[in-house]
Amino acid sequence: QVQVMESGGGLVQAGGSLRLSCAASGSIFSIHAMDWYRQAPGKQRELVASHIKGDITNYADSVKGRFTISRDYDKNMVHLQMNSLKTENTAVYYCNVRLITGLGGYWGQGTQVASSS
């Protein structure tokens, strides 16, 4: 019903920046929130940042001050600006879309982010 696609991943040096984008399409009536998760090898998927309708944002403590999540409501998109990247930020980043109706989320396939020192 809802399709989610991430883009913008890549390889950057530690201290560099990267901008991720996520686009939702399909049977969308109203999006409650769009979130960014990441999963590093051998680790559980974790929430990085969330953007809730009304421009309420939340960040994992480890990325506060370095990452910024923003929404483009007209395009059903969300972006994650990642600055001062660290090697520990290396992971596959996933976008999750939550609709107003229903609690279930819709996931993208993920985009690889790698930061090397």
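- Between S17 and N83, the shortest heavy-atom contact is OG-OD1, 2.8 Å.
- Nearest heavy atom pair, residue G105 against residue R98, reads CA-CG, 4.4 Å.
- With 3.5 Å as the limit, one finds a donor-acceptor pair spanning the side chains of Y93 and R38.
- In this structure, the side chain of Y59 does not engage the main chain of G65 through any donor-acceptor pair within 3.5 Å.
- For an aromatic pair to be called close, the ring centres must be under 6.0 Å apart, and Y37 with W107 satisfies this.
- The backbone N or O of Q81 lies less than 3.5 Å from no partner atom in the side chain of R19, so there is not a single donor-acceptor pair.
- For the pair R71 and D55, the salt-bridge criterion is not met [side-chain N within less than 4.0 Å of a carboxylate O].
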What do the steps show when you test T57 against H51 for side chain to side chain donor-acceptor pair (under 3.5 Å), and what is the final call?
CA-CA 5 Å; T57 59; H51 186 288; over 6 Å; no
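- The number of heavy atoms from other shown groups lying within 6.0 Å of OH (Y73) is above 12.
- Checking side-chain atoms of E6 against main-chain N and O of C95 turns up a donor-acceptor pair under 3.5 Å.
- Cluster annotation: Y94 and V4 are assigned to distinct hydrophobic clusters (Ile/Leu/Val/Met/Phe/Trp/Tyr, side-chain heavy-atom contacts under 4.5 Å, transitive).
- Contact detail for A49 and L47: the closest heavy-atom pair is O-CD1, 3.6 Å.
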Show me the donor-acceptor pairs, under 3.5 Å and distance only, between side chains in residues 108-117 and residues at least two apart or in other chains.
from, atom 1, to, atom 2, distance (Å)
T111, OG1, G9, N, 3.1
Q112, NE2, A91, O, 3.2
S115, OG, K86, O, 3.4

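- No hydrogens or angles considered: a donor-acceptor pair under 3.5 Å links the side chains of H79 and S21.
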